[in-house]
Amino acid sequence: MVVPRPGAWRWFGVFAFAFLIFTQTLAILTSPPDRDMGDLEKILYVHVPAAWITFLSFFVVLAFSARYLWKGREKDDLLAAAAAEVGATFNGLTLLLGMIWGRPAWGVWWTWDARLTSTLVLFLIFVGYLALREFVDDAQRRAQWSAVVGALGAINVPIVYMSVRWWRTLHQIQSNPNTMDPAYVLGLRANAFAFLFIMIYFIHQRYVIASLQRATEHAAEAVALGGQQE
Amino acid sequence: MTWNEDWGRISAIARKDLITERRSKAGFNSVAALGVTMLVLFGFAFGPDAQALRDAAAGALWLAILFAGVLAFNRSYQVELESGALDELLQYPGARWTIYAGKLISNLIFVSLMLAIVVAAGIVLFQIHIPSAWPMLLVTLLLGIVGLVTLGTFYAAMASRTRAREVLLPLLLFPMLVPVLLAAMSASKALLGGDLMHEASAWIRLLLGYDVIFLVAALFAFEHVIEV
Amino acid sequence: MTWNEDWGRISAIARKDLITERRSKAGFNSVAALGVTMLVLFGFAFGPDAQALRDAAAGALWLAILFAGVLAFNRSYQVELESGALDELLQYPGARWTIYAGKLISNLIFVSLMLAIVVAAGIVLFQIHIPSAWPMLLVTLLLGIVGLVTLGTFYAAMASRTRAREVLLPLLLFPMLVPVLLAAMSASKALLGGDLMHEASAWIRLLLGYDVIFLVAALFAFEHVIEV
Amino acid sequence: MDLQSDLPIDAIRVARRFGSKWVLRGVSLRVHSGEVVGLLGANGSGKSTMLRILATLLRPNAGTASIYGHDVVSAADEVRRTVGILAHAPGLYDDLTARENLRFAAEMSGLPTTDLGSLLGEVGLSEVADERVRGFSSGMQRRLAVARLMLRRPQLLLLDEPYSNLDSDGIVLMNSLISRTARGGGASLIVLHELAPASGILDRTVTIVDGRIAKPEKPASYRVPVSAAGAIS
Amino acid sequence: MDLQSDLPIDAIRVARRFGSKWVLRGVSLRVHSGEVVGLLGANGSGKSTMLRILATLLRPNAGTASIYGHDVVSAADEVRRTVGILAHAPGLYDDLTARENLRFAAEMSGLPTTDLGSLLGEVGLSEVADERVRGFSSGMQRRLAVARLMLRRPQLLLLDEPYSNLDSDGIVLMNSLISRTARGGGASLIVLHELAPASGILDRTVTIVDGRIAKPEKPASYRVPVSAAGAIS
Ligand code: HEM
Ligand SMILES: Nc1ncnc2c1ncn2[C@@H]1O[C@H](COP(=O)(O)OP(=O)(O)OP(=O)(O)O)[C@@H](O)[C@H]1O
Ligand SMILES: Nc1ncnc2c1ncn2[C@@H]1O[C@H](COP(=O)(O)OP(=O)(O)OP(=O)(O)O)[C@@H](O)[C@H]1O
Ligand SMILES: [Mg+2]
Ligand SMILES: [Mg+2]
């Protein structure tokens, strides 16, 4: 197994965070206060990118899980696990930011609306995924099982996405650049890219850590099996 | 390899599980009693107002079935783990999905019987009026338990082989089941309320879609789960 | 024979159980998640109306704790049954009630931690307003779980040694717990509602009485349950 | 039991049934201090059942048995202080390490928890002392169970096929425990199928046939394994 | 593996670890048709692990093994058709009767379910054929497991301490199964600690030391039990 090396990636990480600070400042400074919510609107630039990145991460889980089941390569399992961790983190962030937003905007921390609940359920599904990885000791079994659970879990992403359309929700429906004030569009897009870079950086870092652990094990293998004739 | 051989295996497993279940649980009496006990607890928790109870009836029924079902799913693999029978089971040649199919059938029969009893008790305890569209209600109940058992039997194959089966199975299963439960509860509720808005059939279609997708997925994925 | 020796045994058992619990369940994270999952299910079943949910909050909290608790109780004896450890345990000389006391302590710690997490999640999800009399509420919660764990640990000693433990434990336990649950739910509900009628303290006294009676009875009766 | 005998084992017409099937139909057995007695019998003849009765884990349906003068039913607690049983199942906690399992046993018996390390060394488990028992091989589990016996130093050893799963070192270990106990005035009752590993330490054997101890004069209908016959002759 | 050998067992540098501990570090082993090979080794040396790998119950981390030319990983299904394993645990269903357990095994293997009665008679369980396995003694459970093996008639027997819990009749039964298999062109690999019960049927032994098969020339560091040394000399 090839161990990925840092180097360029360190600079990518620095860049991703610098870019995030830049886009956040830009969005907060340029966007006008919302006519209903006033400055509360500014949470938009973290809440919505976090939600998008959640979806994207779980899609990455699906892709690598499927490839693991097909090809059986350890690398894919490690990548899927890294993406799941990052996805669950952003999922939690979406919930938390949504709740912080909901308190002043709707007057409640929580309500049982389809969007909110389905987001919470998605979070719980991947908490289950991570718990499963925790509980299985055998590496091959862990990889195999979590690939299946991860792929099945990712089926729920479209449900969360569509929940605002399928059910009447308090949460607002997706907008698109046409229905949105252009003043917000740029800030949102820029921040979405900043989050994307951070996601890539995080997934990569988690993957590197896991690979390094594996590499030590493989090194031990060489020692353990070394020196045999025949 | 042939369908005949596969069917032989499926029915052997289903029959064995049902015999074990019957012998080890002293009939369905205790399961019946447990279902009823759960309903009584829900009655306490959400009663005593009659209208509130009737509103809660569909939810209470499905939750009682869910919680009792989880016991059955884990149990169905635990029998294999005691005294190493799973190793033996994996030694038999042939396709692995037959193991899943066999357990699916026995769990379906078991949960259906439990459902019958729980529903009968629920009708009395929650003062449910049986709607004229009761065949639809029956279809809802059946589709609901198919979804429940499909996923439950599947996840239990993993959870029961870890150190944390009691916690891990509900942890993996419940969130995945939310759509099934929601659809089943909503359809039941609508039907019990006379289905004035004609929303039941949309929920039932959703339920059917779920059942089919997950059944196929589970049959394919089972090999990967049991093999290692 | 001396108190010192007895205490040594009690703490040995409690410590062993907690170590096992920690190792086999990888921390309370999963239990936390399970508690939250159950609350979500209750939310579905009895929501989405906010007022209805708030009324149901006390019931939902206690039921979530009850169902998760039952898993812990059975588990705590199952560890003994795997690979014949119970025979070994019964071989040690000394009073048998120490076994019960040790398991009681470990289960109490476990269920209390679970309770803390479930309550925290419940406060958010069910939009509970913390009442000014929150110390009383805390007392209610503690007395409630003492009752739950006292009886649960006791009945699990019997149920876990039958072939039908998963079903038998709730079947024996739930009806016996109804008074405890009813008192705990009613007191919690009254306190959450501001305790306008001053009825909470009556329920709490009832709860206390129950706890004491059952604790004493269980300590005495345990010898007879475990011996054969 | 007016006359209390102080024999390590004094069983008088012990009988036990499961359901309606009588497994033991009156087993009378005396074992004296310093003796090592082998208990033979075909599969299913009730050897394990007899040991469990003597260890207070099962009650006889009829007859009485006493251990060093203490009745196994009415004075169970005293019996437990003097008896140590090694059953088919090792009775270990899978999620505890070897050392933790021993420490638990020590605490439960009110013994000091120092010196567990050297005990583990004695049974050859030093290297895995802090690994969980779950991954132990069957022989390693059995060695740990032996260490637990050595910790408690019972006067009377009840051993149910003690040599199974043990390699040659393990057999030596087991035998040294048995003979040390015998030298200290204790006694052992050992269920065996294969006499070879116990050759040299067995004083005599008794055989359960038809739920009773077969008469020593007529050769037991239970055939002693061919390979072992030489070892005790 | 381009060249398919048709040996009953052809294992090449099989390695397996648990966690970071390498238990098998390159076991190469060939067993020929008609052979009965004993697999020795100290407790925890990896004998059961090796058997489980050959029975497709565990995958090797490195190396390859094939059974009659079928790879244990890639052609697991074919391997399962030819192999029968007898593990430490009997793998029976406690709530089924002896007969039902056998019938289940027959149905799962696609074999006829007639004649189960005579099979049960052969292993001496006729009387308890319709009793639940839960109450069986350890030897009775093992006999039932042997009956299941006899039912399936595998070409290659993998036996993990097959004699433990068996009385002398049981040992005879076990040996007759092994030699019948060998005569029919099959083979057996038997994990043993005590060679005595298998004396007369073993063709040779190999010993696992340090995760590898010890060289036959230098006497294995694992000592053959004293009592058994004579039996195979
Ligand atoms: C816990 C509470 C909340 C959760 C779980 C949540 C969840 C989500 C998710 C998953 C998305 C992305 C969906 C998509 O792109 O289709 C999203 C988008 C969004 N959320 Fe929330 N949200 C919460 C609270 C709020 C609140 C309180 C507001 C404001 C009043 C809000 C406003 C928005 C907006 C404006 C979008 C972007 C929709 C678009 O234009 O595409 N959310 N939310
Ligand atoms: N599932 C597992 N998890 C962790 N370690 C394991 C597992 N199975 C086996 N081991 C380890 O592998 C080693 C070999 O085990 P194995 O059961 O193969 O030994 P064995 O040669 O059969 O010993 P015995 O004669 O005692 O039966 C042991 O050190 C054991 O701790
Ligand atoms: N819990 C039980 N329930 C029902 N029957 C039992 C139980 N325990 C033992 N028996 C029966 O008692 C008989 C003797 O069992 P026991 O385990 O004492 O035999 P054993 O002499 O130790 O045999 P083995 O050499 O096979 O270990 C058997 O026929 C068994 O079926
Ligand atoms: Mg026995
Ligand atoms: Mg072994």
Side-chain angles (χ1 to χ4, degrees), chain C residues 1-27 72 75-103 105-106 110 160-161 163 222-228, chain D residues 48 51-52 54-59 67 70 72-73 75-97 99-113 131-134 136 138 141-142 144-145 148-149 151-152 154 156-158 160:
Chain C
M1 283 292 125
T2 70
W3 167 243
N4 231 3
E5 268 185 31
D6 282 345
W7 174 247
R9 294 210 181 86
I10 294 174
S11 72
I13 290 176
R15 237 171 322 125
K16 165 190 77 74
D17 277 1
L18 287 174
I19 293 179
T20 310
E21 206 62 54
R22 203 180 55 213
R23 296 226 176 112
S24 69
K25 293 195 176 169
R75 168 101 196 138
S76 117
Y77 288 94
Q78 213 168 318
V79 163
E80 307 292 343
L81 291 169
E82 282 168 12
S83 68
L86 186 64
D87 276 359
E88 212 37 63
L89 195 60
L90 292 179
Q91 265 292 299
Y92 297 112
R96 294 324 173 75
W97 63 264
T98 54
I99 299 178
Y100 176 72
K103 292 204 169 285
I105 292 176
S106 63
F110 186 80
S160 63
R161 287 204 279 164
R163 277 159 290 141
F222 190 72
E223 187 113 4
H224 301 287
V225 166
I226 200 78
E227 192 63 71
V228 280
Chain D
S48 303
L51 285 202
R52 287 172 60 79
L54 294 176
T56 76
L57 292 173
L58 210 62
R59 292 188 187 176
I67 306 291
H70 303 293
V72 292
V73 176
D77 206 48
E78 281 77 14
V79 171
R80 286 179 193 128
R81 282 175 205 282
T82 52
V83 154
I85 188 171
L86 188 70
H88 286 300
L92 301 166
Y93 296 104
D94 283 352
D95 282 315
L96 299 189
T97 65
R99 193 190 303 279
E100 285 166 343
N101 263 297
L102 274 195
R103 173 166 316 128
F104 178 72
E107 285 170 343
M108 289 300 289
S109 322
L111 297 171
T113 54
E131 283 180 28
R132 290 193 213 172
V133 169
R134 184 175 298 280
F136 278 21
S138 46
Q141 297 201 5
R142 211 142 241 274
L144 187 53
R148 191 174 48 194
L149 264 190
L151 175 86
R152 293 181 51 202
L156 174 63
L157 294 174
L158 301 171
D160 203 347

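Just so you know, these numbers come straight off a predicted model, no measurement behind them. Proteins get letters first, then strands, A, B, ... in listed order; numbering begins at 1 in each. Only heavy atoms go into these numbers, but all of them, side chains included; no hydrogens, no water, no symmetry mates.
- Side-chain N/O atoms of Asp160(D) and Ser48(D) include a donor and acceptor closer than 3.5 Å.
- Salt bridge status for Arg132(D) with Asp94(D): absent, with no side-chain N to carboxylate O gap under 4.0 Å.
- Neither the backbone nor the side chain of Ala87(D) has a heavy atom closer than 4.5 Å to any heavy atom of chain C.
- Ion pair Glu100(D)/Arg15(C) not flagged as a salt bridge, since none of the NZ, NE, NH1 or NH2 atoms sits closer than 4.0 Å to an Asp/Glu carboxylate oxygen.
- Contact of Val79(D) with chain C is not made at all, since no heavy-atom distance falls under 4.5 Å.
- In this structure, Leu81(C) and Leu86(C) have side chains that are in contact, with non-hydrogen atoms separated by less than 4.5 Å.
- Using a 4.5 Å cut-off between heavy atoms, Ala105(D) contacts chain C through both its backbone and its side chain.
- Of the two parts of Thr82(D), neither the backbone nor the side chain holds a non-hydrogen atom closer than 4.5 Å to a non-hydrogen atom of chain C.
- The pair Lys16(C)-Glu107(D) does not meet the salt-bridge criterion, since no charged nitrogen lies less than 4.0 angstrom from a carboxylate oxygen.
- The choice from Gln141(D), Arg103(D), Arg152(D) that makes the most heavy-atom pairs within less than 4.5 Å of chain C is Arg152(D).
- Both the backbone and the side chain of Ile13(C) come within less than 4.5 Å of a heavy atom in chain D.
- For Ile85(D), the parts lying near chain C are the backbone and the side chain together; criterion is any non-hydrogen pair under 4.5 Å.
- Taking all atoms of both residues into account, the shortest heavy-atom contact from Arg80(D) to Gln91(C) is CB-O, 3.4 Å.
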